[in-house]
Amino acid sequence: MNTFTPKSSPHFYLQSAISFGVSFVGVGTGIAYLPVDLWIRAFLGLGLLYVVTSTFTLAKCVRDRQEDAVAAELAQSYQQAPLWNGAEQPVHR
């Protein structure tokens, strides 16, 4: 029987979320207060948003590939498992 064991604790998840928020707000604030023209700050802000969305997309793709590998491994093990476990005799007709 397979039991689910989480890969990370809720505290690690919270720390990751807080770290992401602090870094995003920090870089966004730094871009907002740069002593440059508005169009340069807008360009850097769009670049920051592009990096963030690309990171989320990449993380989702990596997670999906890992889940697909686990599913393929389980499917392979189910295909190799015998249908009869030997507990009772097969009926010959």
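We use all heavy atoms of the structure for the numbers below, so side chains are in, but hydrogens, waters and symmetry mates are not. Everything numeric in this text was worked out from a predicted model, so none of it was measured.
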Non-neighbouring partners of R65 that pass side-chain contact (heavy atoms from CB on, under 4.5 Å), sequence neighbours left out:
none
Do F56 and L49 belong together in a cluster built from hydrophobic side chains that touch within less than 4.5 Å?
yes
OG of S9 to CD of Q15, rounded to nearest 0.5 Å, is 8.5 Å
How long is the span from the CG atom in L48 to the CG atom in L44, to the nearest 0.5 Å?
9.0 Å
What side-chain donor-acceptor pairs closer than 3.5 Å can you find for residues 27-39, not counting sequence neighbours?
{"residue": "T29", "atom": "OG1", "partner": "V25", "partner atom": "O", "Å": "2.7"}

Atom OH of Y13 with >12 non-hydrogen neighbours under 6.0 angstrom:
no
Any chance CD of E67 has more than 12 other-residue heavy atoms, nucleotides or ligands included, within less than 6.0 Å?
yes
D68: which residues meet the side chain to side chain donor-acceptor pair (under 3.5 Å) condition with it, sequence neighbours left out?
none
Suppose we screen for ring-ring contact (aromatic ring centres under 6.0 Å, His included). Which residues come up paired with F12, at least two apart in sequence or across chains?
none
Apart from L14 itself, what residues make up its hydrophobic cluster, given side-chain heavy atom links below 4.5 Å?
I18, V22
Transitive ILVMFWY cluster of L58, excluding itself - 4.5 Å side-chain cut-off:
V62
